[in-house]
2 protein chains.
Amino acid sequence: MQMLEQKHMALLAEAERRERAPTDNIRACFELLALTGAIDRDCAVRLARHRLSEGKFVLLFLLHDKPEGLSPHELAERAGVTRATITGLLDGLERDGFIVRRGGLSDRRKIAVALTEVGQTAAGELFREHTEWVASLFQGFTAADRQTLTGLLQRIWRNLETGKQQAGQERAGKQQIGQDEDARA
Amino acid sequence: MQMLEQKHMALLAEAERRERAPTDNIRACFELLALTGAIDRDCAVRLARHRLSEGKFVLLFLLHDKPEGLSPHELAERAGVTRATITGLLDGLERDGFIVRRGGLSDRRKIAVALTEVGQTAAGELFREHTEWVASLFQGFTAADRQTLTGLLQRIWRNLETGKQQAGQERAGKQQIGQDEDARA
DNA sequence: TGACTATAATTAGGCGCCATATTATTCGGT
DNA sequence: ACCGAATAATATGGCGCCTAATTATAGTCA
């Protein structure tokens, strides 16, 4: 069951042919990406059954205990996406009857986004369902297992950060002073 | 450095508040997703510097040793995306001068997609750069480390598949016979 | 007050992905 | 030779995400 994606198998085959960089490492990376890709797809399929996406689900759950509503601005911050993205998600949620936009606040630039009955119900049921599903993916894992995994992942994190810094320095070197356009990342 | 995404932190906090499903498992899952999310974003940033996306890069590399070109159909198969997606990627690649579409084949429905000089050069340089970057993420990993990681990931795979089957059965039960719309996944 | 600046939400446009048409061409069978 | 089925590429429209531009409103300060 070494599930790799099509594109990754092609890339790996070529890398092996060229005997370039350590292909074992590449394979390991692709295994990681394939798994999370599958998780994301499964997540999307599950939520799609309720006319939701992951982004929409997050908004629903952020609003579930806020009867007075939140502003798009706050939603963007808490969900970690831009306000423009929020606008799009809200359009869909409003169309499907999960939320309402309320105006008429003291600051007339702002609006309040709140759940409808339907949204409230969906939020409640789905939060339970979703967290149980996520937890089930690690069924059978002991604390030690999780610890081991976390340790390995952190080592990858560090390598990733190191690579970013190096790339930044190289580019800065090439173009004199060179602002780091990756600062946000 | 327990890097989690904004949305995941919000979800986790709420899950902890409700003391629902084992939050340690949820946290572990989110760590996994956060890491691969960061890898994907970094990958996108690196390729964007060359006016490429991951999808486009895959096509470039699939074409690099095919001077006579490949059909969109073949590209779709090898890249693991639909033909419609290929059309879009090719539009961009053609606009940016990486590839050309050639007609006039014996089967007049088909076209051949081939790299230009520019595309050829880019493909060569980027393949090296990209594989080295991917491999560098696992720098310092021993064979045993990789083995450990693969083992853990496979356990998650199995849990994921199990969950899919169960969900399928439940839905099949609800709606009498119920075709399995997940067969493709 | 009036101009400037900051902030809120939205729009516009782009990208990658998808599913579902649509159009052109080929091929099989009678 | 012709009809219908299969196949190739593309068009269309949707979704989620982004950045940059736009519009409305608020607050500040000379």
Side-chain angles (χ1 to χ4, degrees), chain A residues 5-7 37 40-41 43-45 47-60 69-77 79-96 99 101-113 181-185, chain B residues 5-7 37 40-41 43-45 47-60 69-77 79-96 98-113 181-185:
Chain A
E5 294 178 25
Q6 198 63 35
K7 60 186 176 190
D40 282 340
R41 278 191 299 276
C43 178
V45 167
L47 291 174
R49 294 205 263 273
H50 307 270
R51 307 201 64 171
L52 290 172
S53 63
E54 200 196 335
K56 287 175 180 170
F57 167 70
V58 169
L59 297 194
L60 239 53
L70 288 176
S71 69
H73 179 88
E74 287 168 309
L75 288 170
E77 258 178 19
V81 299
T82 64
R83 268 160 276 168
T85 297
I86 295 290
T87 299
L89 295 176
L90 292 180
D91 287 345
L93 286 172
E94 189 167 38
R95 170 174 44 72
D96 294 340
I99 58 119
R101 284 164 155 119
R102 286 202 227 101
L105 278 62
S106 63
D107 185 335
R108 295 220 307 271
R109 294 170 301 182
K110 288 191 181 173
I111 64 172
V113 178
E181 74 274 18
D182 272 17
R184 51 170 176 68
Chain B
E5 295 178 25
Q6 198 62 34
K7 60 186 176 190
D40 283 340
R41 278 191 300 274
C43 178
V45 167
L47 291 174
R49 295 205 263 273
H50 307 270
R51 309 200 60 169
L52 290 172
S53 62
E54 200 197 333
K56 286 175 179 169
F57 166 70
V58 169
L59 297 193
L60 240 54
L70 287 176
S71 68
H73 178 89
E74 287 169 309
L75 289 170
E77 258 179 18
V81 298
T82 64
R83 267 159 274 169
T85 298
I86 295 291
T87 299
L89 295 176
L90 292 180
D91 287 346
L93 286 171
E94 191 167 36
R95 167 173 46 71
D96 294 340
F98 291 106
I99 58 119
V100 283
R101 284 165 155 120
R102 287 202 226 101
L105 278 63
S106 62
D107 186 335
R108 297 219 306 272
R109 292 169 303 182
K110 288 190 182 174
I111 65 173
V113 179
E181 74 274 18
D182 273 18
R184 50 169 177 69

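Letters go in sequence order (proteins before strands), and every chain restarts at 1. Nothing here was measured: the structure is a model prediction, and the numbers come from that model.
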To the nearest Å, give me how far apart CD (E77(B)) and C1' (dA8(D)) are.
12 Å

Side-chain N or O of K56(A) less than 4.0 angstrom from OP1 or OP2 on dG16(D)?
yes

Within the 4.0 Å heavy-atom criterion, would you say R102(B) contacts the bases, only the backbone, or no part of the nucleic acid?
nothing

For the residue pair R95(A) and R51(A), establish whether any side-chain heavy-atom pair is separated by less than 4.5 Å.
yes

Tell me what S53(A) touches on the nucleic acid: a base, only sugar-phosphate, or nothing, going by heavy atoms under 4.0 Å.
sugar-phosphate

Taking NZ in K110(B) as the centre, count heavy atoms belonging to other residues, nucleotides or ligands within less than 6.0 Å. Is the count above 12?
no

Does a nitrogen or oxygen in the side chain of R83(B) sit under 4.0 Å from OP1 or OP2 of dC17(C)?
no

How many Å lie between NE2 on H73(B) and P on dA6(D), as a whole number?
16 Å

From the options dG16(D), dT25(D), dA9(C), select the nucleotide whose nearest atom is closest to the side chain of I111(A).
dA9(C)

Given side chains that start at C-beta, do those of L75(B) and L90(B) come closer than 4.5 Å, heavy atoms only?
yes

Mind calculating the distance between CG (L47(B)) and C1' (dG14(C)) to the nearest angstrom?
17 Å

Check: E77(A) side chain, E74(A) main-chain N or O, donor-acceptor pair, under 3.5 Å
no

Could you tell me the separation between the CG atom of D91(A) and the P atom of dC17(D), rounded to a whole number of Å?
13 Å

For R95(B), which contact category applies under a 4.0 Å heavy-atom criterion: base, sugar-phosphate, or nothing?
sugar-phosphate

Starting from P on dG16(D), measure out to CD on E5(B) and report it in whole angstrom.
17 Å

T82(B) side chain, from C-beta outward: closest of dA19(C), dC18(D), dA9(D):
dA19(C)

5' precedence on DNA chain D between R108(A) and G55(A) (nearest-nucleotide basis):
G55(A)

Counting only heavy atoms not in R101(A), do more than 12 fall under 6.0 Å of its CZ?
yes

Can you find an N or O donor on one side and an acceptor on the other, under 3.5 Å apart, linking the side chain of R109(B) with the base of dT7(D)?
yes

Hey, does R101(B) reach any base, or is it just sugar-phosphate, or nothing, if we go heavy atoms under 4.0 Å?
sugar-phosphate

A84(A), nearest nucleotide to its side chain (from dT19(D), dA9(D), dC18(C)):
dT19(D)

Is any side-chain heavy atom of F98(B) closer than 4.5 Å to one of L52(B)?
yes

Report the distance from atom CG of L90(A) to atom C1' of dT11(C), rounded to the nearest whole Å.
15 Å

Between dA9(D) atom C1' and L75(B) atom CG, what is the distance in whole Å?
12 Å

Tell me the interatomic distance from K110(B), atom NZ, to dA9(D), atom P, rounded to whole angstroms.
7 Å

Counting only side-chain heavy atoms from C-beta out, which of dG16(C), dA26(D), dT26(C) sits nearest to L89(B)?
dG16(C)

Presence of T85(A) side-chain N/O under 4.0 Å of dC18(D) phosphate oxygens OP1/OP2
yes

